[in-house]
Structures are given as C-alpha cells and as structure tokens.
Number of protein chains: 2
Amino acid sequence: MARDEQALSTAVEQSAAVLTAAGFPKMPARVLMALLVADEGGLTAAELGESLGVSAAAISGAVRYLRSLGIIHRMPHPGSRRERWEIFDDAWYTALAGKNSVYGTFAETAAQAIDAIGDPESAGARRTGEMVAFFRFIEGKMPELLTEWEALRAASASAPVE
Amino acid sequence: MARDEQALSTAVEQSAAVLTAAGFPKMPARVLMALLVADEGGLTAAELGESLGVSAAAISGAVRYLRSLGIIHRMPHPGSRRERWEIFDDAWYTALAGKNSVYGTFAETAAQAIDAIGDPESAGARRTGEMVAFFRFIEGKMPELLTEWEALRAASASAPVE
DNA sequence: AGGGAGATTCACAAATTTGTGAATCAGGCG
DNA sequence: CGCCTGATTCACAAATTTGTGAATCTCCCT
C-alpha cells in the first residue's frame, strides 16, 4: 500500500486540531504532527512550509518553540546546507513528564492559599487541601507509570506496530 | 489565624497563572481558583466580579465555560435571588478524567495517519504507532490511578488537611 | 401586578496571539 | 573569494481571543 498523501494530510491536520483544542499552539502542533509522520531523516524547513502551506517564517517560529520544549532537534546535517528537523523518539514521554511537573508547581502554588486562609477547618481550606493532595498524588505516581511504559516498550521491542 | 486576603489573592492569581500557562483560558482559571478557596456556600457573580476586579459580564462568560466543563454548579439557592456558584468537590478528578479522554481521541485520530502512510515498516509509521500505543497506555492506566486515589481519600476521610 | 436587585446577553473595543513579506545572516560550492 | 541557496529575524498586518458597557431578561417580594 502506498502513501496516501491526501488522507495523511487530513490525519495530520485533525490530530493537530486535537492538540490545539488541548491548549497547544496551532502552528507548533501542525509542525509536530508533520514531523511525527515523516520518513526517516526528518524534514527541512522548506519541506515543512510547503507541506503545511505556510511561510518559512512561520515554520521557523514553530520550530523554535518545539525546540525550546526539547521535543525536536536538528539532525546532524548529512553534508548539504539543508537543515533537517526530526522529532525525538521519546518526545511524548518527555512532554508528559514535563506536564507532570506543571501539575506539581500548580499544587505547590495553590498550597500557599491554604496558609492565607488561616482556618484549616474552613470549607475553602479543606477543598484546597484536597486538591493539592490530589495533584501531589498524581505527580508522585507519574514516574511509576512512565517506568512501566518503558518496561512494556522494551518487552515488545521489535514487535509489529499497531 | 485569620484570613489574609492580601496573600490569598496573590495565591489565587498565581495559581490561575499556572493554569493559564498550561493552556487554560485566563478568566475561567481565575474564577475557578476564587471558587476553590471560597468559604462554604459558594460565591455570587457579583462577589466574584468584585473580588477579581472585573465586570459581571466577564464573570458570566467564565461561569458558562466552567459549567460546560462540569466543574462548577449553581447552588440550589437558599431563598434569595442571588445565584451562588460552587465548585464540585471532585472537580479536579473529573477534569483529569476528561483530559484523559482527550489523550484517547488524540491517539485514535493519529492512528488514522498510520493507515495513510501505508508501509508499516517506514519510520513515520513506526514512530506514529509508538506514540499511539503510548497514549493508549496512559489512557488505559488512568482509571486505575483514579481508583487508587479514591481509596486513599476514603482512608484518610476525616484526617487533617495538608 | 409592579418594582427592583441581580444575572445574562449582545455588539463592540482592547489586547494578545499568529502569520507574512522583506531584509539579513550563514555557509557550501563553483 | 564571491555567488547562491536556504534559514532566520524583524516590523507590521491579520485574526482570534478576551473583556466591557448598555440593554435585556428573570424572578423574588410587596
């Protein structure tokens, strides 16, 4: 079965839209998905621009954003001047771990509200305390979850996809 | 110890800022935090507006958004005309479960890209397949995690907060 | 019923975000 | 050594999002 560019483009756009709805910036989401489904060797900025129908400048901005998140990297160029961008294999893993720490900082910031409320018996303090505990719990569990994933992944190392 | 409104307001704003950075709309985030730390009985739209320094209209919009997410509800009014808004106790739990299903739909949308690529041996198909598997794994694990949290929560039912 | 407090909605204004074109920079190749 | 392809940055334009004021609606209370 050959590459169905039409259907692929649709899938890329739809996936990017889901990411966008989840709060991810639009152009980075599209670039990310394009790189995800790309063949070995990554894509150049020009290729990305053409495939997504946007200017080189937009690509550059999106690429900078994604690099700052540490989920893509520039390929050690084969020899030509063309810079190739490639997604890290563990990008999603990393992204989730990063989001996890966001949960953590959120919990710690909110914990300050408990002190400000003063009375630990009050509804607000109780409610806030529960939320803080919840996110601390989630944050604490996440490493475990990721370890489990790694184990699973290693187990089915060269097994077929999907 | 009495309520330190100054510090409380700061904590509310900072927590809201963290949520905003994570992709949550600004005003809903602020309203959510204000309701989180509120005393028993919730707050009226007017109280929210005053406490956050914004117009009643802005509150109304934020409240509609939060209600659509199912994380706040209008209190069965005591008798007065004033509508009181209150956060659900399991709001965060619910929110995470909801976000979880976002992961799921993302995975399923992206899975379509694999078919479009055709060759399952290609780098793109392998990479995408791995991502899909990862998010399916996370989605599958989440219920377990939440169950565990419920158990923990029930265990320390009337234990002190924080 | 009528008055009035409060919530909600609407059209518009402000502000932030997003994408573009033109200019600039970088470095491989003739 | 200088041209030429391609990446990057900048200032600005477009567009989407966000918040406001005024008008409208709701419904309790007399």
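If you're wondering where the values come from, they're calculated on a predicted model, not measured in any experiment. Proteins come first, then strands; the chains are lettered A, B, ... in the order of their sequence lines, and each starts at number 1.
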How many Å lie between CZ on B:R84 and P on C:dG6, as a whole number?
-> 11 Å
CE of B:M27 versus P of C:dA14: gap in Å, rounded?
-> 17 Å
Taking 4.0 angstrom as the limit, do B:E121 and B:R126 come out as a salt bridge?
-> no
B:W85 CH2 to C:dA7 P, in whole Å, measures 10 Å
When rounded to whole Å, the CD to P distance for the pair B:E50 and C:dG6 reads 12 Å
Rounded off to whole Å, could you give me the OH-to-C1' distance for the B:Y65 and D:dT17 pair?
-> 12 Å
Determine the sole option in B:L35, B:I59, B:I87 for which the side chain to side chain contact (heavy atoms under 4.5 Å, CB included) test with B:L43 is passed.
-> B:L35
Between C:dG21 (P) and A:I59 (CD1): distance, integer Å | 13 Å
Which listed nucleotide (D:dG19, D:dT18, D:dA7) is nearest to the side chain of A:T44?
-> D:dA7
Can we call the ring centroids of B:W149 and A:F134 under 6.0 Å apart?
-> yes
Phosphate OP1/OP2 of C:dT9: any B:R64 side-chain N/O under 4.0 Å | yes
Checking all strands, does B:A46 fall into the base, sugar-phosphate, or nothing category for heavy-atom contacts under 4.0 angstrom?
-> sugar-phosphate
When you get a sec, tell me which of C:dT8, D:dT20, D:dT8 is the closest nucleotide to the side chain of B:R74?
-> C:dT8
Just compare C:dG21, D:dA7, C:dA7 and give me whichever is closest to any side-chain atom of B:E83.
-> C:dA7
To the nearest Å, give me how far apart CD1 (A:I72) and P (D:dA7) are.
-> 13 Å
Where the side chain of A:S60 is concerned, which of D:dT9, D:dT20, C:dG19 is the nearest nucleotide?
-> D:dT9
May I have the distance from B:L48 (atom CG) to C:dT8 (atom P), rounded to whole angstrom?
-> 11 Å
Ring center gap for B:F106 and A:W92 short of 6.0 angstrom = yes
Ranking C:dA7, D:dT18, C:dC10 by distance to the side chain of B:A57, first place goes to C:dC10
Are there more than 12 heavy atoms of other residues, nucleotides or ligands under 6.0 Å from atom CD of B:E5?
-> yes
Under 4.0 Å between any heavy atoms, over every strand shown, what does B:A56 touch: base, sugar-phosphate, or nothing? Just pick one.
-> base
Which nucleotide in the set D:dT18, D:dT20, D:dT8 lies at the smallest distance from any side-chain heavy atom of B:P25?
-> D:dT18
